[in-house]
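Heads up, the thing below is written out as structure tokens.
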Amino acid sequence: MARSEKERITPSKRLKILSLSRLYSLIKKTRGISDPLEPDCEHLHAPSQDYNWNESFYFNFTDPKRAIGGWTRLGILPNQDSDLGAMMLYVGGNRILATLQTGKAAAEDESFSLGDLTYRREIPLMKWRLAYRGDMMDVEDSRRLPELNPETLKLQQVEVDLLFEGLAPCFNFKDAHPRALAEMVVNAGTRLKDLRQVSKVSSEHYEQAGKVTGMIKIGNREISFAGSGHRDHSWGLRDWAAPRLWTWLTSQFGDELSFNLSRVAIASVDIFNGFVTRDGNNYPVRRADLETEFEGDGVTQKSLRFSIEDAGGKTIEVSGEVLTVIPLVLASGDRRTLVNEALTEYRFGDGVGYGISEYLHQLED
């Protein structure tokens with residue numbers, strides 16, 4: 001767990017925090033980092049020549065009343081032979097439906113498509129339509145996904161038509177609270193040169209909580225979907241082998257409250273970021289504390305508990321119980337990275353919400 005920001009701050013630390021906070025505030029002001037996001041940021045961006053340059057669109061969605069949820073991601077990889085698209089549905093217990101789309105994505109004025117998967121931008125920064133129509137692999141035990149041969153799995157005909165509508169403006173991760181960032185950097189003993197390493201996991205990044213409505217059809221069963229979700233758009237260098245770990249948590253409790261808590265640990269860097277959406281407004285994470293219980297393998301999340309103090313002065317305390325884990329093993333050079341993407345039930349006070357808990361670990365050979 002990252003060091004608690006509650007630990008006593010010495011005069012020396014206080015001076016460092018003040019200096020870093022002022023420096024970060026100055027950088028944000030001079031570079032226009034805090035300027036509102038413009039609609040054209042929803043389009044594709046000019047890539048660098050780096051092999052691992054990536055532009056990613058991600059959406060998740062849950063409907064607890066109908067016991068169904070899922071996520072989808074489209075990764076544009078201009079310097080590689082194939083882009084990657086995925087959609088995975090949690091359909092009860094450990095059963096999932098999954099598809100992987102490869103080839104090169106087609107980008108039109110208002111949409112991106114790869115194989116049977118399409119994202120259409122209805123209103124920039126606010127409304128997107130997600131569509132899929134084709135076969136999906138029917139996996140009875142999601143934990144076994146990395147070892148299964150796709151050619152031996154039975155297939156299900158699936159149709160997805162969902163509309164994502166933002167509950168609040170998009171949150172730019174460069175709008176992190178300056179004082180909070182300075183405190184975390186100083187308390188973790190971060191070497192300033194290592195801060196540059198964070199750019200290896202997408203330096204440009206914004207997210208948004210939303211409501212999700214539409215339809216999912218599995219075989220002959222048509223499900224009317226009315227729930228909530230979260231989306232992410234990032235671009236830049238993404239090297240899966242760079243962080244020693246990261247954690248990404250998100251859920252919604254109706255239209256009134258949503259959260260995102262992100263932790264990235266690279267070299268000596270170990271910092272939280274994220275935001276709380278309350279009553280249509282986003283508040284950056286000010287302080288956070290996270291405890292996670294893992295299964296016997298030490299890498300599969302089982303339950304978690306955290307608190308977030310946001311920049312608006314409100315503190316929320318949330319617990320989570322993991323329901324269904326999808327382990328994804330990614331290769332980057334000679335390194336293998338495990339990303340556990342789990343449907344999770346969250347509790348805040350008397351409220352119950354559903355969302356994702358994502359934990360990344362580097363695997364030893």
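What you see is a predicted model; the values in this text were computed from it and never measured.
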Between the side chain of [X] and the main-chain N/O of [Y], is any donor-acceptor distance below 3.5 Å?
X      : Y      : value
Thr62  : Tyr354 : yes
Glu321 : Leu304 : no
Asp310 : Gly313 : yes
Glu345 : Leu323 : no
Arg66  : Ser224 : yes
Arg121 : Asp109 : yes
Asp83  : Leu77  : yes
Asp289 : Ser307 : no

* So how far is it from Asp270 CG to Leu245 CG, rounded to the nearest 0.5 Å? ->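 Asp270 CG to Leu245 CG: 6.5 Å, rounded to 0.5 Å.
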
* Spacing of Ser228 atom OG and Lys211 atom NZ [to the nearest 0.5 Å] -> 11.5 Å

Can I get a per-line list of side-chain donor-acceptor pairs under 3.5 Å for residues 158-170, giving both atom names and the distance, sequence neighbours left out?
residue : atom : partner : partner atom : Å
Asp161  : OD1  : Arg129  : NH1          : 2.9

Where is the tightest heavy-atom contact between [X] and [Y], given as atom of each residue plus distance?
X      : Y      : answer
Ile266 : Pro243 : CG1-CA, 3.5 Å
Gly353 : Ser251 : C-OG, 3.5 Å
Gly103 : Ser82  : N-OG, 2.8 Å
Tyr206 : Cys41  : OH-O, 3.4 Å
Pro124 : Glu42  : C-OE2, 3.7 Å

Can you list, pair by pair, the side-chain donor-acceptor contacts under 3.5 Å of residues 86-94, counting residues two or more places apart and other chains?
residue : atom : partner : partner atom : Å
Tyr90   : OH   : Trp71   : NE1          : 3.4
Tyr90   : OH   : Glu341  : O            : 3.1

Carboxylate-amine/guanidinium contact [X] [Y], below 4.0 Å:
X      : Y      : result
Glu364 : Arg335 : no
Glu295 : Arg143 : yes
Glu309 : Arg287 : yes

* Structure fact -> ring-ring contact (aromatic ring centres under 6.0 Å, His included) filter on His45, not counting sequence neighbours, yields His233, Trp235

* Asked: Who are the ring-ring contact (aromatic ring centres under 6.0 Å, His included) partners of Phe112, not counting sequence neighbours?
  -> Phe57

* Ring-face cation contact, Tyr283 with Arg278, 6.0 Å cut, 45° max ->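 Yes; both conditions hold, so Arg278 lies above the ring face of Tyr283.
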
* Report the C-alpha separation of Thr344 and Tyr346 in whole Å, then their side-chain angles, then the decisive distance to 0.1 Å, and conclude whether the side chain to side chain contact (heavy atoms under 4.5 Å, CB included) test is met. => CA-CA 6 Å; Thr344 303; Tyr346 291 98; 3.8 Å; yes

* Working for side chain to side chain contact (heavy atoms under 4.5 Å, CB included), residues Leu117 and Thr72 -> CA-CA 9 Å; Leu117 183 63; Thr72 180; 3.6 Å; yes

* Asked: Going through the checks in order, is the side-chain hydrogen bond (donor to acceptor under 3.5 Å, both in side chains) test met by Ser56 and Arg73?
  -> CA-CA 7 Å; Ser56 173; Arg73 179 178 181 269; 3.0 Å; yes

* Asked: Hydrophobic clusters join Ile, Leu, Val, Met, Phe, Trp and Tyr when side-chain heavy atoms are under 4.5 Å apart, directly or via other members; which others share one with Met126?
  -> Ile123

* To do: Determine, stepwise, if the pair Val139 / Arg95 fulfils side chain to side chain contact (heavy atoms under 4.5 Å, CB included).
  => CA-CA 6 Å; Val139 182; Arg95 182 183 173 218; over 6 Å; no

* Asked: Is there a path from Ile218 to Met137 through hydrophobic residues (I, L, V, M, F, W, Y) whose side chains come within less than 4.5 Å of each other?
  -> no

* Asked: Can you pull the ring-ring contact (aromatic ring centres under 6.0 Å, His included) pairs that have at least one residue in residues 293-324, sequence neighbours excluded?
  -> Phe259-Phe306, Phe294-Tyr359, Phe294-His361

* Residue from Glu358, His230, Glu207 passing side chain to side chain donor-acceptor pair (under 3.5 Å) with Thr250 ->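 Going through the options one by one, the only one that passes is His230.
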
* Thr300-Asp297 side chain donor-acceptor pair, cut-off 3.5 Å ->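 Thr300 vs Asp297: donor-acceptor pair found between side chains.
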
* Are Glu317 and Thr315 close enough, and set up right, to give a side-chain hydrogen bond (donor to acceptor under 3.5 Å, both in side chains), and what steps lead you there? -> CA-CA 7 Å; Glu317 296 186 356; Thr315 298; over 6 Å; no

